[in-house]
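Here is the structure we will look at, set down as structure tokens.
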Amino acid sequence: MLLSVIIPCYNSVNCIEPLLICLENQTIGIENIEIIFVDDYSVDSTRMKLKEFQQKHPQNVVIIENDKNYGVSYSRNRGVEKSHAPYVTFADHDDVLERTLYETLYGHILKNDCEIVMCAHDYITEEDKNTQGGIAKGVIESQLHSGEIFELPDHAARKKFMLQFRNDLECWSKLIRKSFLLEHTIVFPEGMWGEDFYWWSLIEMNLNSLCWIPCVLYHHVRKDGLPASKEMQNWMMAQLLLNQEAKRRGVYQEFSEILDLELYEVGFASTLYYWILGNNFSVQELEELRQAVIKETTDIFHNPYICGKNFRYRYSEYALELLKEEITASSIRDFLKSIITVLTAR
């Protein structure tokens, strides 16, 4: 097998068919792919669906059955452990792949002898998918797309890369040398949301070479609605864990400004924003969140990226005021007024 595709599944029977078609239609040939489904204790007929697919491709499909519902991180980690190919990648059970995805990724990782190759991705809805495994707007013609090579010989180059690709943190559109993950002991943190941010940041801090393909070859189905309170709390936990892990590995000081920026924006500001919009918070919870950020960062109010407003989201600028002193009901109202102004100005 040339590469292993790891796909966590949970109650997937009604959404996975387009992905199965995409896997069968890959121009690299399904016979060259090890497809590892990790069924996370589904309670519908997902296992039967997967076994039907396995019967069609018995040499290429592996089904791992979890003995209880552990979550996506555990399932991905277990898939990596059981994989046999020298390169691994991931897919979500309801997403859509361009026909040339794996041919392109694999071709470039061999051609450029790099540790990782990644392509662009976009976000679609269930309504955008068609019955043939593609998307309504059509597919990209089969071709080996050109890529840009990043050589990252030191921490300075890695920090520059981390800033440039702040919006590309997800795991699905990347093909990775398995030995790289094993060498640096990089796994997904279990039991929390935001696992991609943690996983990809650890990769970036150890990366030496990467090929970037600026072409959308992966389509991720985005769910409607605001994240739940528990999900946002886990998002913050993942960012706190990342800072702690960087300290444990002795690399925090080299990357502290970027790590603190991510902890502030992805952890604190985004959690604050969604909690307040969804009315899923208490003043005490927000104050505990603020104190955790202060504790795990270094001089955050003089961080050059935060002072320079290197933010993904406009609300991050207003959340900074809430970080400066104890959070109260009054300060929350002021923040809410600010983001309402931002939202209504769009």
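Checked against the 6.0 Å centroid criterion, the rings of F90 and W199 qualify as a close aromatic pair. Note: F255 and H155 meet the aromatic proximity criterion, with ring centroids under 6.0 Å apart. With ring centers used as reference points, F150 lies under 6.0 Å from F161. In this structure, the ring of F311 has its center no less than 6.0 angstrom from the ring center of Y313. Remark: aromatic rings of W212 and F165 are close, center separation under 6.0 Å.
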List the steps, then state whether salt bridge (charged side-chain N to carboxylate O under 4.0 Å, His left out) holds for E17 with K49. CA-CA 9 Å; E17 184 65 25; K49 181 78 171 178; 2.6 Å; yes
Could you check E204 against K159 for salt bridge (charged side-chain N to carboxylate O under 4.0 Å, His left out), going step by step and ending with a plain yes or no? CA-CA 8 Å; E204 289 178 308; K159 286 191 284 187; over 6 Å; no
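A distance of 9.0 Å separates OG in S42 from CD1 in I16, rounded to the nearest 0.5 Å. Between the CD1 atom of I30 and the CD atom of E24 there is a distance of 5.5 Å, given to the nearest 0.5 Å.
More than 12 heavy atoms of other residues, nucleotides or ligands lie within 6.0 Å of NZ in K247, so this atom counts as buried by the packing criterion.
Here the closest heavy-atom approach between residue I28 and residue N32 is recorded as O-ND2, 2.7 Å.
Proximity of a side-chain donor or acceptor of Y315 to a complementary backbone N or O of S338 within less than 3.5 Å is not detected.
Neither side chain, K174 nor T89, offers a donor N or O lying under 3.5 Å from an acceptor on the other.
Among residues two or more places apart in sequence or in another chain, the side chain to side chain donor-acceptor pair (under 3.5 Å) test is passed with E254 by none.
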